[in-house]
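In what follows, chains are A, B, ... by sequence order, proteins preceding strands, each numbered from 1. The basis for the numbers below is simple: all heavy atoms, side chains too, and nothing from hydrogens, waters or symmetry mates.
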2 protein chains.
Amino acid sequence: MPEPLDPDMFAGCPPVGGPVRIGDKWTAKIIRCLESGPRRFTELQVPLRGITPKVLTASLRAMERDGLLTRTAYDEIPPRVEYALTDLGRSLIEPMNAGCAWSRAHLAELTRARASWQAG
Amino acid sequence: MPEPLDPDMFAGCPPVGGPVRIGDKWTAKIIRCLESGPRRFTELQVPLRGITPKVLTASLRAMERDGLLTRTAYDEIPPRVEYALTDLGRSLIEPMNAGCAWSRAHLAELTRARASWQAG
DNA sequence: CCGTATCCTGAGAGATACTG
DNA sequence: CAGTATCTCTCAGGATACGG
């Protein structure tokens, strides 16, 4: 493969931190939480161990802005807000599963690689 | 979907920054660069616009440690070093393609969502 | 050619406290 | 219940310069 690399081979690629921040700490997990149906703010906080309300709010707002989920506030007392995946958000589940499948298939191999690196 | 979320639903999931840092700024692109065959340090710097040697070195070392690629130094003058994907590294291409396919399919939709957010 | 050595910056993330 | 308001911190990433 002696062909030189195209200097512009990433020209069409969105920059990291561009269109969708699926690679951040929480986005993928939030999608998983909403996979089974709409959830409320506090409900999300439970599996998202220790996420602070500020960070959860920021994550949800970003995802809402990107059209991955919807926020619905009901005018009740006490307040009730529900977050639900859009079709767009739901469409991310497939590629996410591809990544998870890779992890399951190769995690052992990876752990071995790290171990033998430590060894020498 | 009134079933409560499992508080431990992410128990088995590796922490972000865990096993494989594919979500960082450079790892995926480096894999793309090596897809077509082994490459040298300076060769990688070309499409990786503006990556500094320090950062490229750090990325390559991390990937080597994880068994995603190999580093081969030839004892010549001037020095020659080649980086090549391992089978493990190559196996990441498939799930990466799944993500790229998603981008291609939904980028327009996403851009629309952002625009309408700005508008209203 | 292939890196190392320093120094620096910013953004994501967390701790803590408070409110409609 | 569902957030906001501050403050702080860490660390990936970058700028620059130098070395085998």
Shortest non-hydrogen separation from P47(B) to D6(A) and the atoms involved
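Taking P47(B) first and D6(A) second, the nearest heavy atoms are CB-O, 3.6 Å.
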Whether [X] side chain and [Y] backbone form a donor-acceptor pair below 3.5 Å:
| X | Y | value |
| --- | --- | --- |
| T86(A) | L68(A) | yes |
| R49(A) | P7(B) | yes |
| T27(A) | D24(A) | no |

Taking the side chain as every heavy atom from C-beta outward, state whether E64(A) and T70(A) have any atom pair closer than 4.5 Å.
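Sidechains of T70(A) and E64(A): no contact.
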Indicate yes or no: does E109(B) engage R112(B) in a salt bridge with an N to O separation below 4.0 Å.
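No, no charged N to carboxylate O under 4.0 Å.
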Whether [X] contacts [N] is assessed here as follows: a side-chain N or O lying under 4.0 Å from the phosphate OP1 or OP2. Is that the case?
| X | N | answer |
| --- | --- | --- |
| R40(A) | dC1(D) | no |
| R71(A) | dG3(D) | yes |
| K25(A) | dG14(C) | yes |
| R61(A) | dT4(D) | yes |
| T42(B) | dC2(C) | yes |

Face-on cation placement of R39(B) at Y83(B) ring, 6.0 Å and 45° thresholds
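So R39(B) doesn't make the cation-pi contact.
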Note the angle between the end axes of the helix from dC1(C)-dG20(D) to dG20(C)-dC1(D), five pairs defining each, rounded to 10 degrees.
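That helix has its two terminal axes inclined by roughly 50°.
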Rounded to whole angstrom units, what separation is found between the [atom1] atom of [X] and the [atom2] atom of [N]?
| X | N | atom1 | atom2 | result |
| --- | --- | --- | --- | --- |
| L48(B) | dG13(D) | CG | P | 12 Å |
| E43(A) | dA2(D) | CD | C1' | 13 Å |
| W26(B) | dC11(D) | CH2 | P | 21 Å |
| D24(A) | dA11(C) | CG | P | 16 Å |
| L60(A) | dA13(C) | CG | P | 13 Å |
| R21(B) | dA12(D) | CZ | P | 7 Å |
| L56(B) | dC2(C) | CG | C1' | 10 Å |
| I51(A) | dG12(C) | CD1 | P | 14 Å |

Does CD belonging to E35(A) count more than 12 external heavy atoms closer than 6.0 Å?
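Yes.
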Could you please name the option among [options] that lies closest to any side-chain atom of [X]?
| X | options | value |
| --- | --- | --- |
| P79(A) | dA2(D), dC1(C), dA13(C) | dA2(D) |
| T57(B) | dG12(C), dG3(C), dA12(D) | dG3(C) |
| R80(A) | dG3(C), dA2(D), dG14(C) | dA2(D) |
| P53(B) | dA13(C), dC1(D), dA17(D) | dA17(D) |
| F41(A) | dG14(D), dG3(D), dC1(D) | dG3(D) |

Which part of the nucleic acid, if any, lies within contact of Y83(A), taking any heavy atom under 4.0 Å across all strands shown: a base, the sugar-phosphate backbone alone, or nothing?
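The residue Y83(A) makes sugar-phosphate contact but no base contact.
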Any donor-acceptor pair, under 3.5 Å, between the side chain of K54(B) and the base of dG3(C), if you only look at N and O atoms?
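Between dG3(C) and K54(B), which were checked side chain against base, a qualifying N/O pair under 3.5 Å is absent.
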